[in-house]
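Side chains are part of it too, since the values below use all heavy atoms of this structure and drop only hydrogens, waters and symmetry mates.
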Amino acid sequence: MRPIHSAISLAHRYERHISAVSLIGGFLFDNYAFGRIDRPSTHIVFISYLLVAAVAIAVLHWLESRPPEKLPSARTRTILAAATQFALGCLLSGFCVFYLRSASLFASWPYLFILAAIFIGNEIFRRYHSRLAMSSLLLFFSLISYTILLVPVLLAMIGTIPFLVSSGLAVVIFLFYLRLLAWLGRERFRSVRHWIGIGMVVITAAINVAYFTKVLPPLPLALADAGVYHSVAHIGSQYEAIGEQQAWTVRIGQPTVMHIAPGDKLYVFSAVFAPARLSTRIVHDWQWFDPVTHRWTQQSRVSFAISGGREGGYRVYSIKTKVKFGDWRVDIATQDGRRVGRVRFRVLPLAGPVVPVLETLK
């Protein structure tokens, strides 16, 4: 028994470190384990976690609402609060995975930061999961985050209508859940119902603001691949592209460098994943940085119809003629301007031979 006691003692001593490692490990595992958003197994997992959290919150509320002589033990409170924390943590981790897949970090970082902060806060403030208002509002945030993923898959469309349906569905389900909480313990629920109501309004308003200001990612689209090339050709079931050998700094965020002679063309390729049955349009928005005005100026905008279902994303490419030297970026976005990704590159005059790189874009 001594090794077991020693292990428990070490676990208590290094609880914060273990929690941090578990947090990172759990997120990495979810990123590996969660498959496509249009697979039934993914939604079974999400719904299961939502049910575990909802049941644990409701049962603890019911037990806490009983007379003093029938109140739950500290052990029971701990178990139910831990079940709530575990289920909500798994939900938030899963949302981080899918929202990150869909998001362009340049456009959606404020919402992703808030989502990550809530995810980390759920782990740090675990002792407060026994409090009805906090646990209920975390459940509502998880519910609305899930319906934003679910409804576009069910309706096979993206845009304002699916988003509003998502928000409305989450609010209706949560209001029914609040009625259940009131029935299970009226007096205890009455003491916090105003805080829950205010929190629900704030969360709904914040997510709507994030959507209409285009900070919310264009769920459930996700950029599977993108790049700039000297040529792209569709050969059989594959795309063959010719690029340039790049410096190692490109891998850590530096723009790709392309050398061209006057009159040469450049190609931007993208593969955007969409769920099965979903058809929409995306655009390639070519922008050049004007060194005189210090502003990005649109040079061309190409629109494509894409269809969902392909594992590696729907593949398209656009071509730019009369390419100016300097800094470029091509935004891959929905028609209403919600960015899925961005290709950044610098165009320099051809001063000598370059090393061509042949790539197969699957």
Do Thr280 and Thr334 have side chains that approach each other closer than 4.5 Å (heavy atoms only, starting at C-beta)? no
Val172 and Leu143: same hydrophobic cluster, using ILVMFWY side-chain contacts below 4.5 Å? no
Please list all pairs passing the ring-ring contact (aromatic ring centres under 6.0 Å, His included) test where one or both residues lie in residues 148-176, with sequence neighbours left out. Phe140-Phe174, Phe163-Tyr211
So Ser142 and Phe95, do their side chains get closer than 4.5 Å, heavy atoms only? yes
Can you sort out the partners of Glu187 under salt bridge (Lys or Arg N to Asp or Glu O under 4.0 Å), two or more places apart, ordered by chain and number? Arg190
Check Ala226 against Val343 and note the closest heavy-atom contact, atom names and distance. CB-CG2, 3.7 Å
Could you go through the side chain to side chain contact (heavy atoms under 4.5 Å, CB included) check for Phe289 and Thr297 one step at a time? CA-CA 6 Å; Phe289 185 76; Thr297 60; over 6 Å; no
dist Cys90:SG -> Leu50:CG (nearest 0.5 Å) comes out at 11.5 Å
Cationic tip of Lys324 above Trp288 ring, under 6.0 Å, 45° of axis: yes
Taking Val272 as the starting point, is it possible to reach Tyr239 by hopping between hydrophobic residues whose side chains are less than 4.5 Å apart? no
Taking Arg186 for its side chain and Ser65 for its backbone only, find out whether a donor-acceptor pair lies under 3.5 Å. no
Under-4.0 Å salt bridge between Asp327 and Arg346: yes
Sub-3.5 Å donor-acceptor pair from the side chain of Thr204 to the main-chain atoms of Val201, do we have one? no
Please determine whether salt bridge (charged side-chain N to carboxylate O under 4.0 Å, His left out) holds for the pair Asp336 and Arg338, giving the CA-CA distance in whole Å, both sets of side-chain angles, and the decisive distance to 0.1 Å. CA-CA 6 Å; Asp336 63 352; Arg338 301 179 191 280; 3.0 Å; yes
Test side chain to side chain contact (heavy atoms under 4.5 Å, CB included) applied to Ser279 and Ile306, step by step: CA-CA 6 Å; Ser279 297; Ile306 67 169; over 6 Å; no
How many angstroms lie between CZ in Phe86 and CG in Leu91, if you round to the nearest 0.5 Å? 10.0 Å
Are Ile37 and Leu219 linked, directly or through intermediate hydrophobic residues, by side-chain heavy-atom contacts shorter than 4.5 Å (ILVMFWY only)? yes
Is it the case that the side chain of Arg77 and the backbone of Pro72 share a donor-acceptor pair, with hydrogens and angles ignored and the cut-off at 3.5 Å? yes
Side-chain contact test, heavy atoms from C-beta onward, threshold under 4.5 Å: evaluate it for Gln254 versus Arg344 and give yes or no. no
Counting C-beta onward and ignoring hydrogens, is there a side-chain heavy-atom pair between Trp296 and Asp290 closer than 4.5 Å? no
Can the ring centres of His230 and Tyr267 be said to be less than 6.0 Å apart? no
For the side chain of Ser73 and the backbone of Thr76, is there at least one donor-acceptor N/O pair under 3.5 Å apart? yes
Check whether any side-chain heavy atom of Ser167 lies under 4.5 Å from a side-chain heavy atom of Asn208, and answer yes or no. yes
Check for me, please, whether Leu350 and Val228 land in the same ILVMFWY cluster - side-chain distances under 4.5 Å, paths through other members count. no
With a 4.5 Å limit on heavy-atom distance, are the side chains of Phe189 and His61 in contact? yes
Rounded distance (nearest 0.5 Å) linking atom CZ of Arg315 with atom CZ of Phe304: 14.0 Å
Is any side-chain heavy atom of Ser303 less than 4.5 Å from a side-chain heavy atom of Gln335? yes
Looking only at non-hydrogen atoms, find the nearest pair between Pro152 and Ile158 and report the distance. CB-CG2, 4.2 Å
Backbone N/O of Thr147 and side chain of Ser166: donor-acceptor pair under 3.5 Å: yes
Value rounded to 0.5 Å, distance of NE2 in His259 from CZ in Phe325: 10.0 Å
Out of curiosity, Met134 CE to Ile57 CD1, how far, rounded to the nearest 0.5 Å? 10.5 Å
Mind checking what makes ring-ring contact (aromatic ring centres under 6.0 Å, His included) contact with Tyr146, not counting sequence neighbours? His43, Phe46
Between Leu223 and Val340, which heavy-atom pair has the shortest distance, and what is it? N-CG1, 3.5 Å
Which atom names give the shortest non-hydrogen contact between Ile196 and Ala133, and what distance separates them? CG1-CA, 3.9 Å
Heavy atoms of Tyr229 and Ile242 approach each other most closely as CB-O, 3.4 Å
Determine whether more than 12 heavy atoms belonging to other residues, nucleotides or ligands lie under 6.0 Å from atom CD1 of Ile198. yes
Could you walk me through whether Gln299 and Trp328 satisfy the side chain to side chain contact (heavy atoms under 4.5 Å, CB included) test, starting with their C-alpha distance in whole Å, then the side-chain angles of each, then the deciding distance to 0.1 Å, before giving a yes or no? CA-CA 10 Å; Gln299 301 297 302; Trp328 286 81; 3.6 Å; yes
CD1 of Ile332 to CG of Leu221, rounded to nearest 0.5 Å, is 12.0 Å
I need the minimum non-hydrogen distance between Glu244 and Val257, along with the two atoms involved. OE1-O, 3.5 Å
With a cut-off of 6.0 Å (strictly less than), are more than 12 heavy atoms of other residues, nucleotides or ligands near CZ of Arg66? yes
Report yes or no: do His284 and Arg301 form a side-chain donor-acceptor pair below 3.5 Å? no
Would Ile207 and Ile144 count as a side chain to side chain contact (heavy atoms under 4.5 Å, CB included) if you check the C-alpha gap in whole Å, the side-chain angles of each, and the deciding distance to 0.1 Å? CA-CA 9 Å; Ile207 290 179; Ile144 196 170; 3.3 Å; yes
Does CZ in Arg281 sit with more than 12 non-hydrogen atoms of other residues, nucleotides or ligands closer than 6.0 Å? yes
Report yes if some heavy atom in the side chain of Leu63 is under 4.5 Å from a heavy atom in the side chain of Leu80; otherwise report no. yes
Are more than 12 heavy atoms, taken from residues, nucleotides or ligands other than Gln298, located less than 6.0 Å from that residue's CD atom? yes
ILVMFWY cluster, Val232 and Val357 together (side-chain gap under 4.5 Å): no
Counting distance only, does the side-chain N/O of Tyr314 pair as donor-acceptor with the main-chain N or O of Phe273 below 3.5 Å? no
Against Glu64, only a single residue in Val59, Leu184, Leu132, Leu71 fulfils side-chain contact (heavy atoms from CB on, under 4.5 Å); can you say which? Leu71
Thr42 side chain to Asp38 main-chain N or O, any donor-acceptor pair under 3.5 Å? no
